[in-house]
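Following: one structure in structure tokens, then a few remarks.
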Amino acid sequence: MYYKEYGNTGIKVSAVGLGTMRYDDEDIKAGRLEKCAEIPLYAYEKGINYWDTAPFYCDDKSEEVTGIALSQVDRSKVYVTSKVNFGTLRTQNPDRDVFRKRLELSLERLQTDYIDFYHMWCMLNLESWEKHMETLYGFFEEAQGEGLIRNIVFSSHMQGNDIETVVESGKFKGMLIGYNALNYRFRQSGIRRAYEKGMGVVVMNPLGGGLIPQSSEAFSYLTEGTDLSVAQAALRFVASHREITVTLAGCTTKEHVDDAVKAVENLQEEPAQVIMEKQEQRGTSFNNLCTGCNYCKGCPKGIEISKFMDAYNHKILTGKAEGIQQRINAHWCIDMNKAAECIACGKCEGLCTQHLPIVERLKETADLFVRK
Ligand code: SF4
Ligand code: SF4
């Protein structure tokens, strides 16, 4: 296993981490939690020492499963995470007791006395981050003072510039963000600044919500000169960034763990800037694809833009217009007729991180698939 330093904490973590939101659904539903725990135990055997969990993952069983495994290994050799935000606490103004109960529940489920990395979870924008700072951060510090949590970190879906603002606050040891071969361009400044500040950077969604392995032809360039599958190469692409500490791989089976391990064999790190330049030279920057960031939300006509644009990605990647229809009907299960309701107000295009021609794509979709 290839290990990296987690920011300036002095902790060494595996370059791939275990994402615990994909334990086998049938086993979870049937209550076979011991069986699910075989996955983190196998990951441990393979040297994966960073396990990322949270309340609500896997029908709210992920922490429990992870705890079963944690109780069977040398605790000091695993770095486990969990998360909290207003949503988890079910109140906008939590008091100390509400926070404590939530943290104690996570500790109990994880069968541990402390959590290594505790996240201020899913900060959508600066406004939500500021509110969480005012209300929750003090509790985090208190829990840290008591040794219940060791490092305060955050997870975010913010854009580069906003992430930088949070990084500059100097209040966090690390962060968890979505990053992959599709969206890397608009997350560059954030990861670079975090690295310069001595923070750890953990990445979720390295496979672009499954679109990258599903479009293996378009992303086959990632595998050039290797014997890796597209999914493995996509993990390696992320892990090879010098600025990125841990790349999370959601694992349902032991084969998924093996894939993650193989992805970082003999890893060679490079600065994000160099990786980006290489991508641009190859002409594989995919600037014309929707990344699913959802910054365009809030359409006055109630159009679920990111879902339509995701469907349009399938046309671009497969070269077949039917890909749009399939995705809308079979995957998203939304009303295709909404595509025809766009009034071309332009609000979404002003917000789109990829500067996509959303109006034009909706019109094309409507012309093709909406009956007049
Ligand atoms: S341009 Fe169309 S899709 Fe975009 S916000 Fe306006 S109505 Fe909605
Ligand atoms: S259309 Fe643009 S803003 Fe909306 S999800 Fe896609 S990339 Fe993000």
Side-chain angles (χ1 to χ4, degrees), residues 122-129 155-164 176-191 203-215 218-219 234 237-238 276 279-280 283-318 321 323-329 331-370 372:
C122 196
M123 299 297 103
L124 292 173
N125 50 43
L126 281 180
E127 200 188 353
S128 114
W129 171 67
S155 81
S156 155
H157 294 279
M158 296 181 213
Q159 301 182 61
N161 291 349
D162 289 349
I163 292 174
E164 280 179 69
L176 170 64
I177 57 158
Y179 190 92
N180 54 53
L182 271 173
N183 72 4
Y184 66 93
R185 297 179 90 243
F186 81 99
R187 290 272 156 102
Q188 290 268 311
S189 59
I191 63 166
V203 162
M204 56 185 159
N205 198 17
L207 303 183
L211 185 59
I212 295 172
Q214 281 159 25
S215 316
F219 291 95
F237 167 80
V238 175
M276 182 155 104
Q279 293 287 102
E280 308 282 305
T284 48
S285 53
F286 292 118
N287 296 339
N288 58 348
L289 292 183
C290 169
T291 62
C293 65
N294 217 13
Y295 287 108
C296 53
K297 72 171 184 266
C299 166
K301 300 299 285 182
I303 300 169
E304 294 186 82
I305 301 165
S306 60
K307 294 181 180 170
F308 276 101
M309 293 304 107
D310 165 88
Y312 199 92
N313 281 350
H314 286 251
K315 182 202 159 189
I316 296 171
L317 290 167
T318 62
I324 302 177
Q325 196 173 31
Q326 241 172 11
R327 190 83 175 156
I328 291 292
N329 294 340
H331 182 82
W332 293 118
C333 305
I334 56 172
D335 180 8
M336 181 68 90
N337 294 318
K338 291 296 284 184
E341 291 184 21
C342 173
I343 51 169
C345 70
K347 183 176 170 224
C348 56
E349 290 191 357
L351 295 169
C352 179
T353 50
Q354 296 284 94
H355 308 295
L356 299 180
I358 296 171
V359 175
E360 193 185 303
R361 290 184 182 184
L362 284 173
K363 183 170 183 317
E364 187 185 332
T365 302
D367 288 348
L368 281 167
F369 301 112
V370 176
K372 306 269 167 2

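Note that ligands are numbered from 1 as they come in the structure, with each ligand's atoms numbered from 1 the same way. In this text the structure is predicted, and so the values were computed from the model without any measurement. Position 1 is the first residue of the sequence, and the numbers go up from there.
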Could you tell me which atoms of ligand 1, counted from 1 in the order shown, lie closer than 4.0 angstrom to a heavy atom of [X]?
X: Val359; value: 1 (S)
X: Pro300; value: 5 (S)
X: Cys348; value: 1 (S), 3 (S), 4 (Fe), 5 (S)
X: Leu362; value: 3 (S)

> Taking all atoms of both residues into account, what is the closest heavy-atom pair of Phe369 and Ala321, and its distance?
Replying inline: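 Heavy-atom minimum between the residues: CZ-O, 3.3 Å.
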> Is atom 8 (Fe) of ligand 1 under 2.8 Å from any N, O or S atom of Cys345?
Replying inline: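 So Cys345 does not bind atom 8 (Fe) of ligand 1 by this criterion.
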> Out of curiosity, Ile305 CD1 to Lys297 NZ, how far, rounded to the nearest 0.5 Å?
Replying inline: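 Spacing of CD1 (Ile305) from NZ (Lys297) equals 11.0 Å.
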Look at the side chain of [X] and the backbone N and O of [Y], then say whether any donor-acceptor pair between them is shorter than 3.5 Å.
X: Gln354; Y: Cys290; value: no
X: Lys347; Y: Gly298; value: yes
X: Ser155; Y: Cys122; value: yes

[atom]: which protein heavy atom is closest, and how many Å away?
atom: atom 6 (Fe) of ligand 2; value: Cys290 SG, 2.3 Å
atom: atom 1 (S) of ligand 2; value: Met309 CG, 3.7 Å
atom: atom 5 (S) of ligand 2; value: Asn294 N, 3.1 Å
atom: atom 2 (Fe) of ligand 1; value: Cys342 SG, 2.4 Å
atom: atom 8 (Fe) of ligand 2; value: Cys293 SG, 2.4 Å

Please identify which atoms of ligand 2 are closer than 4.0 Å to at least one heavy atom of [X].
X: Cys296; answer: 1 (S), 3 (S), 4 (Fe), 5 (S)
X: Ser306; answer: 5 (S)
X: Gln354; answer: 7 (S)
X: Cys352; answer: 1 (S), 2 (Fe), 3 (S), 7 (S)

>> Taking 4.0 Å as the limit for heavy-atom contacts, which would you say applies to Ala344 with ligand 1: side chain only, backbone only, both, or neither?
In response: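 Backbone only.
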> Taking heavy atoms and a distance under 4.0 Å, where does Ile358 meet ligand 1: side chain, backbone, both or neither?
Replying inline: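 Neither part.
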> Parallel under 30°, tilted from 30 to 60°, perpendicular over 60°: which one fits the rings of Phe237 and Tyr184?
Replying inline: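 Geometry flag for Tyr184 against Phe237: perpendicular rings.
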> If we only count heavy atoms from C-beta on, is the Lys315 to Arg361 side-chain gap below 4.5 Å?
Replying inline: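 Answer no - side chains too far apart.
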> Do the charged groups of Glu341 and Lys338 touch, with an N to O distance under 4.0 Å?
Replying inline: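 Looking at Lys338 together with Glu341, the answer is yes, because their closest N to O distance falls below 4.0 Å.
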>> side chain to side chain contact (heavy atoms under 4.5 Å, CB included), that's the test. Do Ile334 and Phe308 meet it? Break it down for me.
In response: CA-CA 9 Å; Ile334 56 172; Phe308 276 101; 3.8 Å; yes
>> Under the side-chain contact (heavy atoms from CB on, under 4.5 Å) test against Ser156, which residue among Ile163, Asp162, Leu126 passes?
In response: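 Among Ile163, Asp162, Leu126, the one meeting side-chain contact (heavy atoms from CB on, under 4.5 Å) with Ser156 is Ile163.
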